[in-house]
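All values below were derived from every heavy atom in this structure, side-chain atoms included, with hydrogens, water molecules and symmetry-related copies excluded.
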Amino acid sequence: MSHILQIDTSARPGIAGVDNHGSHSRHLTHQFASQWRARRPQDTLTYRDIGQHSPSIINHDWIASSFTPDAQREGWMKEVLKESDQLIDELIAADIVVIGTPLYNFGMPAALKAWIDQIVRPERTVEFDDSNPIDPYVPMLTDRERHAVVLTARGGVNMAPGEEMAHMNHLEPHLATALAFIGITRIHYIAIEGQEVGGEVLAKSVTEAIRKVDILIDELQMALGAEIAKSGSPSLL
């Protein structure tokens, strides 16, 4: 049995195609989660809507607590880190992390950045190797393969890597760097473009993105099956 962590980050609470001014990234995550579970109903899912319920922004107390070794933390420090611990526990439990996010002003929404800041943490998701001062960071989420599925919605067009407007898109590169830093390197991207253009451009992009979601589900379920067969572990069955 595999476990999915679904994270929605859009400030729009509704789903495009269902609600007026609904979210296209939520449309994609809903499609992914519903189709995945239709094919594998035994799998489990944790849902977190950080677009409507943003994680706390880190502050001085959080930094002081997170950089204090666990054995030396005072009671108030453990209390400060409770939210971070919960978010990290959800992430560690997941075999597939599905992140639905719009591109806001060239990058990720503030709520998603707050989530990143909460889950990139010493002793929980990254270690420090003092013997290597040039690159001392050791990712901790390498105990097994985890996949990240990044489902994005962009107002403009031609913003994928290698395209003419890619220089204005810092969302996917930022996420890829942060996730790899903690050990998640198998990342899959699907995007809807042309929301501001609308019309046939947007409609065609939505149709193509949904098609790619369905293909990706097939590929991931086959990949998970191959990983299970190779490892002999029942954890992802």
Side-chain angles (χ1 to χ4, degrees), residues 3-16 18-34 44-67 76-94 96-126 141 146 148-155 159 168-184 187 189-192 195-196:
H3 184 67
I4 297 171
L5 172 61
Q6 177 187 346
I7 301 172
D8 279 323
T9 75
S10 176
R12 301 171 185 256
I15 296 175
V18 178
D19 299 334
N20 289 334
H21 303 291
S23 163
H24 286 287
S25 63
R26 288 180 188 270
H27 185 184
L28 293 183
T29 59
H30 174 76
Q31 178 74 10
F32 186 98
S34 60
T44 55
L45 181 144
T46 295
Y47 179 67
R48 183 166 287 274
D49 187 347
I50 66 174
Q52 301 303 303
H53 307 283
S54 176
S56 302
I57 296 173
I58 63 172
N59 56 19
H60 171 271
D61 288 352
W62 190 98
I63 295 170
S65 302
S66 65
F67 280 90
W76 69 268
M77 291 181 168
K78 295 179 181 180
E79 186 66 27
V80 165
L81 295 176
K82 271 189 174 181
E83 179 183 14
S84 175
D85 284 331
Q86 182 178 358
L87 296 176
I88 291 171
D89 288 344
E90 292 175 354
L91 179 62
I92 290 174
I96 302 173
V97 183
V98 180
I99 301 173
T101 176
L103 175 71
Y104 284 165
N105 299 319
F106 321 111
M108 65 178 64
L112 182 53
K113 180 57 167 64
W115 181 81
I116 290 291
D117 289 342
Q118 289 282 352
I119 59 97
V120 177
R121 208 179 100 194
E123 293 188 350
R124 290 301 314 271
T125 57
V126 63
L141 271 61
R146 291 178 177 83
V149 176
V150 179
L151 305 174
T152 65
R154 309 169 187 144
M159 302 184 80
M168 300 185 73
N169 177 8
H170 301 280
L171 171 59
E172 284 94 334
H174 190 164
L175 267 177
T177 299
L179 292 172
F181 189 69
I182 61 177
I184 301 175
I187 308 176
Y189 304 98
I190 297 173
I192 289 173
Q195 185 172 350
E196 294 176 1

query = Taking atom OG of Ser65 and atom CG of Asn59, what is their separation to the nearest 0.5 Å?
reply = 8.5 Å
request  = Please indicate whether Glu196 has more than 12 foreign heavy atoms, meaning atoms of other residues, nucleotides or ligands, lying under 6.0 Å from its CD.
outcome  = no
query = Are any of the side-chain heavy atoms of Ser56 and Gln118 separated by less than 4.5 Å?
reply = yes
message = Less than 4.5 Å apart, side chain to side chain, heavy atoms only: is that true for Met168 and Leu103?
response = no
inquiry  = Is it the case that atom CG in Asn105 sees more than 12 heavy atoms from other parts of the structure closer than 6.0 Å?
reply    = no
Close side-chain approach of Trp62 to Ile57, heavy-atom, < 4.5 Å = no
task = To the nearest 0.5 Å, tell me how far Leu45 CG sits from His3 NE2.
result = 6.5 Å
key: Side-chain donor/acceptor of Arg12 to backbone N/O of Gly51, under 3.5 Å   = no
request  = Answer yes or no: is there a side-chain heavy-atom contact under 4.5 Å between Arg146 and Ile92?
outcome  = yes
ask   = Between Pro109 and Ser10, is any pair of side-chain heavy atoms under 4.5 Å apart?
value = no
ask   = When you check the side-chain N and O atoms of Thr46 and Glu90, is any donor under 3.5 Å from an acceptor?
value = no
ask   = Can you tell me how far the CD atom of Glu79 sits from the CG atom of Asp61, to the nearest 0.5 Å?
value = 12.0 Å
query = Could you give the distance from CG (Leu171) to CD1 (Ile99), rounded to the nearest 0.5 Å?
reply = 9.5 Å
query = What is the minimum heavy-atom distance between Ala64 and Met77, and which atoms define it?
reply = O-CE, 4.3 Å
query = Under 4.5 Å between any side-chain heavy atoms of Pro55 and Ile50, yes or no?
reply = yes
task = Report the C-alpha distance between Leu81 and Arg121 in whole Å, list the side-chain angles of each, state the deciding distance to 0.1 Å, and finish with yes or no for side chain to side chain contact (heavy atoms under 4.5 Å, CB included).
result = CA-CA 10 Å; Leu81 295 176; Arg121 208 179 100 194; 3.9 Å; yes
key: Over all atoms of both residues, closest heavy-atom pair of Ala153 and His24   = CB-CB, 3.8 Å
request  = Please tell me if the side chains of Ser23 and Asp8 come closer than 4.5 Å, counting only heavy atoms from C-beta onward.
outcome  = no
request  = Provide the closest heavy-atom pair for Val150 versus Thr152 in the form atom of the first, atom of the second, distance.
outcome  = CG1-CG2, 3.6 Å
query = In chain order, what residues pass the salt bridge (Lys or Arg N to Asp or Glu O under 4.0 Å) check against Asp49, with sequence neighbours excluded?
reply = Arg26
key: Contact summary for Gly14 and Asp19, nearest pair of heavy atoms   = CA-OD2, 3.1 Å
key: side chain to side chain contact (heavy atoms under 4.5 Å, CB included) assessment of Lys78 paired with Asp85   = CA-CA 9 Å; Lys78 295 179 181 180; Asp85 284 331; over 6 Å; no
request  = Give a yes or no answer on whether the side chain of Asp117 reaches the backbone of Ile58 with a donor-acceptor pair at less than 3.5 Å.
outcome  = no
request  = Flag yes if more than 12 heavy atoms outside Ile63 fall under 6.0 Å of its CD1 atom; otherwise flag no.
outcome  = yes
query = Are any of the side-chain heavy atoms of Asp89 and Arg124 separated by less than 4.5 Å?
reply = yes
key: Minimal non-hydrogen separation, Ile88 against Ile119, with atom names   = CG1-CA, 3.7 Å
message = Assess the residue pair Met108 and Thr9 against the criterion (side chain to side chain contact (heavy atoms under 4.5 Å, CB included)); give the C-alpha distance rounded to whole Å, side-chain angles, the decisive distance to 0.1 Å, and a yes or no.
response = CA-CA 9 Å; Met108 65 178 64; Thr9 75; over 6 Å; no
query = Looking only at atom types and distance, does a side-chain atom of Gln6 sit under 3.5 Å from a main-chain N or O of Ala33, one as donor and one as acceptor?
reply = no
query = How many angstroms lie between CG in Leu179 and NE2 in His174, if you round to the nearest 0.5 Å?
reply = 9.5 Å
message = Within this structure, what is the CG-OH distance for the pair Leu112 and Tyr104, rounded to the nearest 0.5 Å?
response = 11.0 Å
query = After noting the C-alpha distance and the side-chain angles of Leu91 and Ile182, does the key distance pass the side chain to side chain contact (heavy atoms under 4.5 Å, CB included) rule?
reply = CA-CA 11 Å; Leu91 179 62; Ile182 61 177; 3.7 Å; yes
